[in-house]
Novice: 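The structure that follows is given in the form of structure tokens.
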Amino acid sequence: DTWQLLAEKAKNAYRKAYAPYSKFNVGAAALTFTNKVVQGCNVENASYGLTVCAERNCIAQGVIQHSESEKLQFSALVVYTEQEKLTPPCGACRQVISEFFPKGAQVMAVNHLNEQQHWKIEELLPDAFTPYDLFNKT
Ligand code: THU
């Protein structure tokens, strides 16, 4: 099914992670509403604070792949690590995820043991600041 496919793609991205400092590889894969699968991995930097998480790189890949005619929205995101404790998206990623996923969509964390945990977007970041808040100025 979709979750298993995304888990495979996220595992694939995990192998490409550039994490020489933390040695904490993360892979992500997401499905768009136009049925494209996109991938991302974390990319670290010698200037540590410039690190970009797998989830945000995955969303950026969706932006690149996206064609102008429709609004970019994702229906599912998977985060893959090889940790016994499943990896949830960090706070910065929760904000970026909120911009591109409907509230009811889900994020799944999975590991090498195929253990899984699901969260709804609204659970990850309740009452998120969204484009709606910017445009609804009056
Ligand atoms: N990281 C991610 O890519 N996604 C997460 O959900 C958690 C953290 C990365 C950032 C950094 O390269 C490494 O994991 C350790 O924090």
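Here the structure is a predicted model, which means the values were calculated and not measured.
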Novice: Looking at D127, L125, L124, which one forms a side-chain contact (heavy atoms from CB on, under 4.5 Å) with S98?
Specialist: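 Among the candidates, only L125 passes.
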
Novice: Rounded to the nearest 0.5 Å, how far apart are OG1 of T51 and CZ of R56?
Specialist: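 Nearest 0.5 Å value for the OG1-CZ distance: 9.0 Å.
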
Novice: Within this structure, what is the NE2-NZ distance for the pair H118 and K120, rounded to the nearest 0.5 Å?
Specialist: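 The distance works out to 11.5 Å.
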
Novice: Which donor-acceptor pairs under 3.5 Å do the side chains of residues 31-41 make with protein atoms, sequence neighbours left out?
Specialist:
residue : atom : partner : partner atom : Å
T32     : OG1  : T34     : N            : 3.3
T32     : OG1  : T34     : OG1          : 3.0
T32     : OG1  : N35     : N            : 3.3
T32     : OG1  : K36     : N            : 2.9
Q39     : NE2  : K9      : O            : 2.9
Q39     : NE2  : N12     : OD1          : 3.4

Novice: Which heavy-atom pair separates A105 from S75 by the least distance, and what is that distance?
Specialist: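 The answer is CB-O, 3.5 Å.
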
Novice: Determine whether C90 and E55 make a side-chain contact, defined as any pair of heavy atoms from C-beta on separated by less than 4.5 Å.
Specialist: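 With C-beta onward as the side chain, the pair stays apart.
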
Novice: Identify the heavy atoms of E115 and E84 that sit nearest to each other, and give their distance.
Specialist: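 Shortest heavy-atom contact: OE1-O, 3.7 Å.
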
Novice: Under 4.5 Å between any side-chain heavy atoms of E8 and Y80, yes or no?
Specialist: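 E8 does not reach Y80 side chain to side chain.
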
Novice: List for me each residue that meets side chain to side chain contact (heavy atoms under 4.5 Å, CB included) alongside S22, sequence neighbours excluded, and say none if there are none.
Specialist: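 S22: side chain to side chain contact (heavy atoms under 4.5 Å, CB included) contacts with A19, F24, E44.
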
Novice: Are L72 and F101 linked, directly or through other ILVMFWY residues, by side chains that come within less than 4.5 angstrom of each other?
Specialist: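 Yes, L72 and F101 fall within the same hydrophobic cluster.
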
Novice: Do E99 and Q95 have side-chain N/O donor and acceptor atoms under 3.5 Å apart?
Specialist: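 No - no donor-acceptor pair under 3.5 Å links their side chains.
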
Novice: Less than 4.5 Å apart, side chain to side chain, heavy atoms only: is that true for N111 and Q83?
Specialist: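 The answer is no, as the side chains (C-beta and beyond) never meet within the 4.5 Å cut-off.
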
Novice: Is any side-chain heavy atom of P89 closer than 4.5 Å to a side-chain heavy atom of V107?
Specialist: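 Answer yes - side chains close enough.
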
Novice: Side chains of T81 and N25, heavy atoms from C-beta outward: is any pair under 4.5 Å?
Specialist: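 No, their side chains stay 4.5 Å or more apart.
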
Novice: For the hydrophobic clusters of this structure (ILVMFWY residues joined by side-chain heavy atoms under 4.5 Å, transitively), does one cluster hold both V96 and I121?
Specialist: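 Yes, V96 and I121 fall within the same hydrophobic cluster.
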
Novice: Is it the case that one hydrophobic cluster holds both I97 and V63, taking links as side-chain heavy atoms less than 4.5 Å apart, direct or via other members?
Specialist: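 Yes.
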
Novice: Could you identify which residues cluster with Y18, counting Ile, Leu, Val, Met, Phe, Trp and Tyr as linked when any side-chain heavy atoms lie under 4.5 Å apart, either directly or through a chain of such contacts?
Specialist: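 Members other than Y18 - counting any ILVMFWY side chain reachable under 4.5 Å - are Y21, V43, Y48.
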
Novice: Are V26 and L6 connected in the hydrophobic side-chain network, where two residues link if heavy atoms are under 4.5 Å apart?
Specialist: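 Unlinked, V26 and L6 end up in two clusters.
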
Novice: Atom CG of N42 and atom SG of C58: how far apart are they, to the nearest 0.5 Å?
Specialist: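 The CG atom of N42 sits 12.0 Å away from the SG atom of C58.
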
Novice: Between A13 and A28, what is the shortest heavy-atom contact and its length?
Specialist: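 Looking at all heavy atoms of both residues, the closest pair is CB-O, 3.9 Å.
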
Novice: Going only through I, L, V, M, F, W and Y residues with side-chain contacts under 4.5 Å, is there a path from F100 to I64?
Specialist: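 No; tracing contacts between hydrophobic side chains, which count when under 4.5 Å, never links both residues.
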
Novice: To the closest 0.5 Å, what do you measure between NZ (K103) and CD (E122)?
Specialist: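 Spacing of NZ (K103) from CD (E122) equals 5.0 Å.
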
Novice: So does A54 get a backbone contact from the side chain of N57, meaning a donor-acceptor N/O pair under 3.5 Å?
Specialist: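 Absent.
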
Novice: State, yes or no, whether a side-chain contact exists between V79 and Y14 at a heavy-atom distance under 4.5 Å.
Specialist: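 Of all side-chain heavy-atom pairs linking Y14 with V79, none is under 4.5 Å.
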
Novice: Is the shortest heavy-atom distance from the side chain of Q116 to the side chain of Q4 under 4.5 Å?
Specialist: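 Counting from C-beta outward, Q116 and Q4 do come under 4.5 Å.
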
Novice: Does any non-hydrogen side-chain atom of Q106 lie less than 4.5 Å from one of W119?
Specialist: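 With C-beta onward as the side chain, the pair stays apart.
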
